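Note that ligands are numbered from 1 as they come in the structure, with each ligand's atoms numbered from 1 the same way. Count residues from 1 along the sequence. Note that this is a predicted model, so its numbers are computed, not measured.
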Amino acid sequence: MGKKDAAGVSSETQPLLEKSSTKKRLSFDLTDHVAKRQRIEERTDHTRWRMRDDKGRQSWVYLENDQALKNWPQSFADKYFLGLPVNAPDLPKPTNPLDAVRNGLEFFEKLQLPSGHWGCEYGGPMFLLPCIVIAWYVTKTPIPWYYATEIKNYLFARANHEDGGWGLHIEGETSVFGTSLNYTVLRIVGVDADHPVMIKARATLHKMGGATHAPHWAKWWLAVMGVAQWDIVNPTPPELWLLPDWVPIAPWRWWIHIRQVFLPMSYLWSKRWQAEETELIRSLRQELFVEDWAKINWASHRNTINPRDNYHPKTWVLNTVNWCLVNIWNPVLRTQAIAKKGEEWAMKLIEMENENTDHADLATVSGPMNTVCLYVKEGPDSYAVRRHRERAHEFLWMKDEGLLANGTNGVQCWDTAFAIQAVMDAGLTEDPRWRPMLMKALEFLDDQQIRENVKDQDKCYRQQRKGGWAFSNKDQGYAVSDCVSEALKSVIILQKTPGFPTLIDDRRIYDAIDTLLTYQNPSGGCSSYEPPRAGTWMEVLNAAEVFGNIMVEYEYPECTTAVVTALSLFRNHWPEYRTKEIERFIERAVKWIKTAQKPHGGWYGSWGICFTYATMFALESLASIGETYKNSDYAKRGCDFLISKQREDGGWSEHYRACETGEYIEHPSGSQVVMTAWAVIALMKADYPNLEHIKKGIKLIMDRQQSNGEWLQEAIEGVFNKSCMISYPNYKFTFTLKALGMFARKYPNETVV
Ligand code: LAN
């Protein structure tokens, strides 16, 4: 498959340096691809995998060549990610929390990547790998055998033990979404239909009604493949993009993720484009459906959906709109000229997104969809398609179980900011032992600060971003309110610590503040990428079925708190800059936090599970204006809520179902270190007076620490759109360290062991 360079590194993972010179190298015989079976093995040699960190761009490389293997030894971090023995030495058993922090840092330091950030897996959702692999298949992109092999291994490892299917996310119950798409992926990477894993998965899929019962996004992908017919897909007309800006439902007002997904969806839906028919496609038509494929009444299944996939049933408003689009707009009113104009403007927006992100694109759904659009528009060998193919590698992650897709092209800036703060909370930033690590982290954040707004910002409906930081890296370049805040706090903390240089000057700090100040909503709260551009009533048009709260931005305690604490820290050092605005911002933001408190005293978390996560942020916000347990009813109720959930062993343990249901639910597997850390941080922020509760939590965190300083992975930590969980593996380091460090500083004379 992939051609190799002298170092034995496959061409698929080589950077495309020039637009034209690589054309030849990356082209391949299309007929060959369709005719040949994908090569697949039982497993790859895990000692041959390497993580390439190219200034914060991560990609996994498989070294087939023995010479290359010698030239590029496997690092500690590579081995750790791959689950290979790392032989980290046993450390002296800590007798107090600060020693536990030191041991933890000893281990965590070794995971820092050359550019200064901490990489990690960012998996969890089970619909992301299919987006990449199906896009590869329909664009005839060769899949290296070692990818195919490890994708198979990952999906085999993640199949539900009982029914053999796949869910919306790794801990979720089997759904048609997960099963129909991951089954398709396995077939694409070369697994036979009569393999026992496939037989079991297929039986489960059929029991759930087959692919006609899939949600909208799965139907869309299957239609693109030509495995389903377009009539089964609810309409996504690109002409919606032509609506004037003042129209209340115009797509520019939608949440960035849904509008970036709708964009390529609308383009291909309008073209009713389908991949070239292959033997595999013909076979999948027989495998994925219960009915005889030739006789399926596709249009009648537009709204068919298995109840397991129907987390957010379509409203009657949306069903009516869809009916009108299908029966009146499309057949009668939609002229070719309108369709063409819609497609052209959608493509223009896709091109702008490509330019703004160097073809990395916002995330793992829109990126692969855009790849297919560009393949259709520009052709298989165009620069845009080749660059997309190359950047897809940055969304993949290799681990002991196999190869998976990350939710974004990494968690670089986010985790780096928390790592720095953990050291700061322990009061160790001046300790020369950690200076090289912190210096590298600071240099990384310096390099990753976004220096300019995007070109034609208003035309492509983007938000101001200059001076901000993205969640992953500057290539992706989407500033997020809390990512900007956490990174800014870390930079300020380090730059104000004796011995650290000022890499980011005042002007650049002001740029970050100017951008942060744009994030406040009239309510006082802050959202993620942009202030909301429409009301939550837009949720009536939520067509995705599998997610909630997806149509517009909401205010989040997490984001709001991060901005509040960043602004507070900033004004301590720069009291003169935009003083009044900052003061007012903080006042209004904290007021909003109070309104978001639930009657039971906790706050609902949108990005971490769930009440434990958001309550930590909310109590931090309150503490930042001096409201704590003893003087604030809000803080007191927040603490009482957390205390009421503490378990016998001193830990906390919230189940992801809490995000779906809005009720606190315990995780059956018992206390979790990450949640315990969130809860004790919250209690410490709020000055909770009964230290025994906090000490019990701290003790649990210390007891779970391994003799080499690490903590082991437990249940999933993160969430998005209420229903989909996502892993934050570095939280088991950053938040545990933060909790222990805070305790050590706040209660220096207390003992826990
Ligand atoms: C993320 C990851 C980071 C997360 C935080 C910074 C933690 C949060 O505080 C704000 C929102 C943000 C930036 C966020 C938004 C939604 C993302 C991008 C994700 C959860 C990672 C994956 C997810 C994305 C939507 C996945 C693709 C799926 C779709 C429904 C389009």
Side-chain angles (χ1 to χ4, degrees), residues 120-132 168-169 177 215-218 220 254-265 311-312 360-370 395 405-418 463 465 468-473 476-487 519 525-530 542-551 553-563 566 605-610 613-614 616-617 656 659 678 716-728 730-731 734-735:
C120 68
E121 170 202 342
Y122 193 42
M126 288 305 287
F127 57 96
L128 301 176
L129 198 53
C131 297
I132 295 178
L168 178 64
H169 56 89
F177 194 21
H216 187 222
W217 291 14
W220 184 89
W254 303 356
W255 188 44
I256 185 82
H257 280 280
I258 198 66
R259 71 175 194 262
Q260 290 295 22
V261 168
F262 179 82
L263 188 63
M265 264 192 163
Y311 176 71
H312 189 282
D361 295 349
L362 174 61
T364 325
V365 181
S366 58
M369 287 179 170
N370 286 343
F395 290 83
N406 280 344
T408 52
N409 57 339
V411 196
Q412 296 88 326
C413 291
W414 183 250
D415 279 342
T416 304
F418 282 121
Q463 163 82 4
R465 63 169 199 174
W469 280 267
F471 177 69
S472 57
N473 58 21
Q476 189 254 16
Y478 277 87
V480 185
S481 65
D482 53 355
C483 302
V484 181
S485 303
E486 300 299 352
Y519 278 106
C526 297
S527 34
S528 57
Y529 297 80
E530 297 154 347
N542 177 349
E545 294 144 332
V546 288
F547 307 113
N549 285 8
I550 197 171
M551 290 304 290
E553 283 275 8
Y554 291 78
E555 290 102 352
Y556 308 106
E558 301 97 305
C559 297
T560 309
T561 300
V563 183
S606 297
W607 308 112
I609 303 170
C610 175
Y613 183 67
M616 167 179 72
F617 283 99
Y656 74 79
C659 307
W678 291 341
I716 203 158
E717 306 87 350
V719 60
F720 57 90
N721 302 120
K722 293 176 98 172
S723 59
C724 192
M725 305 307 132
I726 188 155
S727 308
Y728 285 82
N730 278 337
Y731 282 180
T734 49
F735 283 104

Centroid-centroid distance, Tyr122 to Tyr728, less than 6.0 Å:
yes
Below 3.5 Å only, please: the N or O atoms of ligand 1 paired with protein N or O atoms, distance on each line.
{"unit_1": "ligand 1", "atom_1": "9 (O)", "unit_2": "Asp482", "atom_2": "OD2", "d": "2.3"}

Verify whether the ring centers belonging to Tyr529 and His257 lie closer than 6.0 Å.
yes
When you compare the side chain of Glu530 with that of Ile256, does any pair of heavy atoms fall below 4.5 Å? yes
Taking the six-membered ring for Trp, are Tyr311 and Phe547 closer than 6.0 Å centroid to centroid? no
Fill in: Aromatic ring proximity, centroids under 6.0 angstrom, Trp607 and Tyr613
no
Using the benzene-type ring in the case of Trp, are the ring centres of Phe471 and Tyr478 under 6.0 Å apart?
no
